[in-house]
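Data block below; observations after.
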Amino acid sequence: MADISNVITVSLIPEGVLAQRDNLNVVGIITSETGFLSTAKRFAIYRNIAGVASDFGTNSQAYAHAKSFFATTPNPIDVNGLLVIGFWRKEDENVAATAATLQGAILEFNDVLTELQQISDGSFDIDIDGGPTTNVTGLDFRTDTSLADVVATLDAALTAAGVTVTYRTDDVDGIVFTSDTTGASSTLTKPVDGATGTSVVQLLGLADGTGSVLTQGADSALLSAETKEAAITEIKAQTNIYGAVFIDQPNSTEAKDLAEWAQANDTLLYDVFILSSNLNVDVSNVVWDIKLSSLTNYRMLYSPANNRRLATAYMARNHTVNFNAENSAITMHLKALPVSAEELTETEIAAAKTVGLDVYTTIKQTPVILTSGANDFVDNRYNFIGYKDALETDLFNLLKQTGTKIPQTVRGVNQLVDQAEKTTRGFVRAGVFAPETWTSPERFGDEATFNRNIEKFGFYFLAGRLSDQPQADRQARKSPVIKGAVKNAGAIHSANIIVNVNL
């Protein structure tokens with residue numbers, strides 16, 4: 001019998017693994033408390049208060065702040081976020097020799113397991129302790145039914161090579177490789193595809209670009225105290241937080257440094273200020289200095305009672321938006337928090353609003369946040385960071401998931417524009433942007449078309465002409481510049497009512 005391939009042949013092109021948008025609801029509380037955390041273990045992840053109590057104890061400051069976090073309703077955990085507790089090395093620390101570790105990315109394990117169970121020839125290459133490359137082959141996951149089974153399969157394959165495989169202990173699914181040696185000679189590389197077999201490095205979240213974190217071993221040492229900026233930089237490198245609060249109050253110099261760091265890293269930092277001088281319109285007041293410097297990612301609150309848990313609860317309430325949901329965008333104005341509201345005078349409230357400090361006080365015995373827009377509103381900063389990441393990620397995925405190519409033609413450029421519009425449409429549904437009249441003098445393209453799109457859709461995108469593109473850009477396979485405009489939905493925070501009475 002002749003094979004059907006004499007007449008018809010079929011090739012299936014897999015879509016491939018796409019990049020995920022960053023999770024803006026992963027936030028951190030930074031503590032200098034030693035014990036459970038240290039320089040060697042920079043952070044831990046939590047989804048409930050019980051884990052914090054177990055690791056830090058109920059008398060710790062970390063636990064006190066975590067109580068305010070989890071008492072906030074809703075909080076980031078309700079929208080697939082995470083609480084990270086990170087470590088700031090406030091004082092010199094004696095650090096024992098450490099082993100090289102590779103912490104895999106957070107996995108949606110049920111989805112991963114289904115794919116793994118189809119693999120009987122899994123493979124990857126990895127370098128261990130500076131030795132020759134170890135070729136791992138023949139990984140058979142067909143009978144594995146849990147993360148523990150997958151870990152056991154990997155561990156059995158790497159034991160002889162000097163690596164122990166475990167799973168993450170921070171309340172999320174993921175895999176960890178640890179060298180059996182310690183010190184500066186303890187090293188690992190991120191696994192890469194092997195020459196034969198089915199590569200599993202992307203699937204297991206171990207490869208470069210998946211969010212895995214590689215930390216090389218180090219000799220024992222006396223480490224000097226570090227700055228708060230150095231601590232948050234290291235924590236951000238190890239786990240991608242988008243909001244953070246320091247339990248230890250930054251001084252004025254530290255606050256300015258952290259504000260500059262937050263702006264450069266698209267991360268929101270939350271701080272509480274306690275002095276009456278922080279209400280002054282004076283360049284010696286760091287709050288006013290930060291406002292004048294347009295460092296809008298540093299979110300500042302005023303608490304004469306020095307309640308730093310106010311910042312934690314405020315952060316927890318703010319990072320609760322699911323941008324894929326209808327009408328999900330929020331404002332922090334008039335929200336209630338699980339911390340004590342403070343009685344403030346009208347003079348204090350007005351001064352706080354002027355310099356850029358939000359306050360938590362009462363109106364008619366009802367606790368409310370009163371926001372200041374002097375240093376922009378926190379929801380704007382949060383929304384814009386999320387939108388930028390979504391646009392970058394979605395356009396990257398468009399290029400990546402195309403099995404052939406997106407041509408340098410009008411059709412190809414239109415695909416990019418269509419994706420930008422699709423992403424932005426989602427943010428319109430969420431309530432971040434909205435159809436309305438464009439009030440800025442800056443427009444581009446045909447003015448009538450521009451205005452019509454903003455009024456009908458809330459956004460407008462226009463790509464440059466291919467015929468106008470520099471030849472060097474075409475040879476470099478660049479798209480013409482795509483320019484966009486979006487109309488921010490904003491929020492109503494107050495109103496004036498005029499009533500005419502006829503007698």
Side-chain angles (χ1 to χ4, degrees), residues 17 19-31 36-47 55 81-89 95-109 112 124-130 147 150-151 154-155 158 162-184 186-193 199-218 223 226 229-244 261 265-267 389 393:
V17 179
Q20 296 291 321
R21 294 182 184 178
D22 286 350
N23 188 342
L24 263 68
N25 300 325
V26 177
V27 297
I29 298 170
I30 315 302
T31 181
F36 180 70
L37 294 181
S38 65
T39 303
K41 182 179 175 62
R42 273 286 181 175
F43 70 93
I45 293 176
Y46 300 93
R47 285 197 174 101
D55 291 342
L82 295 169
L83 171 62
V84 175
I85 298 184
F87 176 69
W88 167 45
R89 192 172 66 245
V95 178
T98 58
T101 61
L102 172 64
Q103 179 167 268
I106 297 173
L107 301 177
E108 294 294 337
F109 187 70
V112 171
F124 58 83
D125 291 347
I126 185 172
D127 295 347
I128 302 167
D129 293 344
L147 178 59
V150 172
V151 165
L154 293 167
D155 190 54
L158 284 165
V163 167
T164 299
V165 183
T166 56
Y167 46 83
R168 292 174 62 146
T169 59
D170 48 11
D171 202 26
V172 293
D173 290 338
I175 292 166
V176 180
F177 286 5
T178 304
S179 170
D180 292 340
T181 64
T182 60
S186 178
T187 60
L188 294 173
T189 60
K190 291 189 178 183
V192 296
D193 297 345
S199 176
V200 294
V201 294
Q202 290 283 342
L203 191 58
L204 293 174
L206 299 170
D208 193 28
T210 62
S212 60
V213 177
L214 178 62
T215 305
Q216 304 296 3
L223 299 180
E226 65 185 355
E229 183 177 353
I232 193 70
T233 299
E234 184 62 28
I235 293 165
K236 176 79 171 179
Q238 294 192 25
T239 182
N240 196 17
I241 56 175
Y242 270 95
W261 180 94
N265 286 274
D266 278 344
T267 303
D389 173 71
T393 304

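Just so we're clear, the structure is a prediction, and the values are computed from it rather than from any experiment.
Shown here for G104 and L206, the closest heavy-atom pair between the two residues is CA-CD2, 4.0 Å. Pairing each heavy atom of I126 with each of P191, the nearest pair is CD1-CG, 4.2 Å. Shown here for L37 and F43, the closest heavy-atom pair between the two residues is CD2-C, 3.8 Å. G183 and A97 make their closest contact through N-CB, 4.1 Å (heavy atoms, listed as atom of the first residue, atom of the second, distance). Heavy atoms only, all atoms of each residue included: V150 and L204 are closest at CG1-CD2, 4.2 Å. Here the shortest heavy-atom pairing between G205 and L107 reads N-CD2, 4.0 Å.
Looking at heavy atoms from C-beta onward, Y242 lies out of side-chain contact with N23 at the 4.5 angstrom threshold. Contact annotation: the side chain of L82 approaches that of I106 to within less than 4.5 Å [non-hydrogen atoms, C-beta and beyond]. A heavy-atom distance below 4.5 Å is not found between the side chains of I175 and L102. Put simply, the side chain of V26 reaches to within 4.5 Å of the side chain of V84, judged on heavy atoms. Put simply, the side chain of I45 reaches to within 4.5 Å of the side chain of R168, judged on heavy atoms. Side-chain contact between V95 and S38 is absent, with no heavy atoms from C-beta onward closer than 4.5 Å.
I241 pairs in a side chain to side chain contact (heavy atoms under 4.5 Å, CB included) with only one of the listed residues (I29, N265, I235, V27), which is I235.
Within 6.0 Å of OH in Y167 there are 12 or fewer heavy atoms belonging to other residues, nucleotides or ligands.
Residues passing the side-chain contact (heavy atoms from CB on, under 4.5 Å) test with A99, sequence neighbours excluded: T178, T182, S186. Applying the salt bridge (charged side-chain N to carboxylate O under 4.0 Å, His left out) rule to K190 yields the partners D208; only residues at least two apart in sequence or on another chain are considered. Among residues two or more places apart in sequence or in another chain, the side-chain contact (heavy atoms from CB on, under 4.5 Å) test is passed with T393 by A19, R21, D389, N397. Contacts of D266 classified as salt bridge (charged side-chain N to carboxylate O under 4.0 Å, His left out), with partners at least two apart in sequence or in another chain: K388. Taking the side-chain contact (heavy atoms from CB on, under 4.5 Å) definition, one finds that E234 meets it with R42, Q238, sequence neighbours left out. Residues satisfying the side-chain contact (heavy atoms from CB on, under 4.5 Å) test with A237, not counting sequence neighbours, are none.
A donor-acceptor pair is defined here as one N or O able to donate and one able to accept, closer than 3.5 Å; such a pair exists between the side chain of T189 and the backbone of D127. Q103 places no side-chain N or O within 3.5 Å of a backbone atom of S212 that could act as its donor or acceptor partner. With W88 contributing its side chain and E226 its backbone, the two residues share a donor-acceptor pair below 3.5 Å. Judged by distance alone, the side chain of T187 and the main-chain N or O of Q216 form no donor-acceptor pair under 3.5 Å.
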Checklist entry - Does the side-chain contact (heavy atoms from CB on, under 4.5 Å) test come out yes or no for D193 and V201, once each step is laid out? => result CA-CA 7 Å; D193 297 345; V201 294; 3.4 Å; yes
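One distance of note links CZ of F177 with CG of D155; it measures 9.5 Å at 0.5 Å rounding. Here the CD1 atom belonging to I30 is positioned 11.0 Å from the CZ atom belonging to F87, to the nearest 0.5 angstrom. Considering CG of L158 and CD1 of I128, their distance stands at 5.5 Å, rounded to 0.5 Å.
Side chain to side chain, T164 and D180 meet the donor-acceptor criterion of an N or O pair below 3.5 Å.
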